[in-house]
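Data block below; observations after.
It should be emphasised that the depicted structure is a prediction, and the values quoted were computed from it without experimental measurement.
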Amino acid sequence: MTSIDTEPGGGTETGGGRHELAQVNIARLRFPLDSPELKDFVDGLDPVNAVADQAEGFVWRLRSDSGNASDVPVFGDAWLIVNMSVWRDAEALTGFMYGGRHRELMSRRREWFEQIREAMTALWWVPAGERPTVADAEERLLHLREHGPTERAFTLRTRFPAPVGAR
């Protein structure tokens, strides 16, 4: 399924009000962040985040005092890094993901991150203006791993429309 009509300026309009698409992506590092093996990845974070911040349909991203989220703990595992953001809809997210500098970095992900068989990315709808927490993201990933794609947590391949009515 794909999202329903989008409102100019962002969000998906439903009978229950506007919703935005939250996404989380976690990765297990193959090397410490300050290692020479991860230099290109680390050097690419700020430029890619700057492009995201200006991308059509971008709403918000998780960041710490460092300006990115590479030092935000997830699942209590120091080797995991998290990326979490909110977008107008799936089309805006995929437009950013598969274009420009982000696409270049994604093409090198196997150099920097372990290949994991379980779900490391999840999507879900949030009411416009709501910002998900890392705890929300962890819960959605665990839900996706246990139940597969549902309205609560889904993937770009198996999408669900924004909820109608209640949160």
Side-chain angles (χ1 to χ4, degrees), residues 1-27 29 33 38 40-75 80-109 112-113 119-141 143-144 149-164 167:
M1 296 181 152
T2 58
S3 63
I4 354 183
D5 299 323
T6 58
E7 221 179 89
T12 296
E13 186 69 38
T14 67
R18 229 166 40 91
H19 284 77
E20 297 163 331
L21 186 67
Q23 75 81 29
V24 64
N25 179 32
I26 62 173
L29 298 169
L33 271 174
L38 286 181
D40 289 348
F41 169 73
V42 172
D43 288 351
L45 283 174
D46 288 341
V48 167
N49 285 334
V51 170
D53 291 348
Q54 299 302 311
E56 174 70 25
F58 172 82
V59 176
W60 170 88
R61 70 180 163 88
L62 176 68
R63 63 181 97 189
S64 68
D65 292 340
S66 68
N68 61 60
S70 62
D71 55 350
V72 174
V74 61
F75 286 119
L80 288 176
I81 60 171
V82 62
N83 170 284
M84 186 166 50
S85 56
V86 175
W87 295 80
R88 178 188 61 220
D89 53 33
E91 290 72 23
L93 173 60
T94 56
F96 165 72
M97 283 178 53
Y98 297 112
R101 183 82 171 118
H102 185 265
R103 183 174 142 186
E104 292 171 26
L105 286 181
M106 268 188 33
S107 71
R108 296 185 59 195
R109 67 188 175 276
W112 303 319
F113 308 115
M120 301 293 273
T121 301
L123 306 173
W124 68 99
W125 293 101
V126 295
E130 184 175 297
R131 301 299 170 245
T133 65
V134 173
D136 295 332
E138 290 171 338
E139 187 276 325
R140 301 296 175 139
L141 276 166
H143 183 87
L144 181 61
T150 66
E151 290 177 348
R152 181 144 188 83
F154 50 94
T155 66
L156 281 173
R157 267 199 193 122
T158 306
R159 301 179 199 174
F160 288 82
V164 176
R167 293 180 144 202

Quick one: are Val24 and Val74 in side-chain contact, heavy atoms under 4.5 Å? no
Taking atom CZ of Arg108 and atom CZ of Phe113, what is their separation to the nearest 0.5 Å? 10.5 Å
Please round to the nearest 0.5 Å and tell me the distance separating atom CG of Leu38 and atom CD1 of Ile81. 8.0 Å
Does the side chain of Asn83 come within less than 4.5 Å of Arg61's, by heavy atoms? no
Is there a donor-acceptor pair under 3.5 Å between the side chain of Arg140 and the backbone N or O of Arg152? yes
Is a donor on one side and an acceptor on the other found under 3.5 Å between the side chain of Thr158 and the backbone of Phe154? no
Distance, nearest 0.5 Å, that separates OG1 of Thr121 from CE of Met84: 13.0 Å
Polar side-chain atom of Asp136 near backbone of Thr133 as donor-acceptor pair, under 3.5 Å: yes
Which pair of non-hydrogen atoms, one from Gly67 and one from Asn49, has the smallest distance, and what is that distance? O-ND2, 4.3 Å
Could you check whether any side-chain heavy atom of Leu80 comes within less than 4.5 Å of a side-chain heavy atom of Met120, counting everything from C-beta outward? yes
Side chains of Trp124 and Pro132: does their closest heavy-atom pair fall under 4.5 Å? yes
To check you understand the geometry: which heavy-atom pair defines the closest contact between Pro73 and Val134, and what is its length? O-CG1, 3.5 Å
Do the side chains of Leu21 and Gln23 get nearer than 4.5 Å, heavy atoms only? no
Residue pair Arg131 / Glu20, side-chain heavy-atom distance below 4.5 Å: yes
Pair Trp87 + Phe58: ring centers closer than 6.0 Å: yes
Point-to-point distance, once rounded to the nearest 0.5 Å, from CH2 of Trp125 to CZ of Arg159: 9.0 Å
State, with a plain yes or no, whether a side-chain heavy atom of Phe41 is found less than 4.5 Å away from one of Leu33. yes
Taking the side chain as C-beta and beyond, is there a heavy-atom pair between Pro163 and His19 under 4.5 Å? yes
Rounded to the nearest 0.5 Å, how far does CZ of Arg109 lie from CG of Asn25? 9.5 Å
Kindly say whether Asn68 contributes a backbone atom to a donor-acceptor pair with the side chain of Ser64 at under 3.5 angstrom? yes
If you compare all heavy atoms of Leu141 against all heavy atoms of Ala119, which two are closest, and at what distance to 0.1 Å? CD2-O, 3.7 Å
Between the CG atom in Leu45 and the CZ atom in Arg63, the distance rounded to the nearest 0.5 Å is 12.5 Å
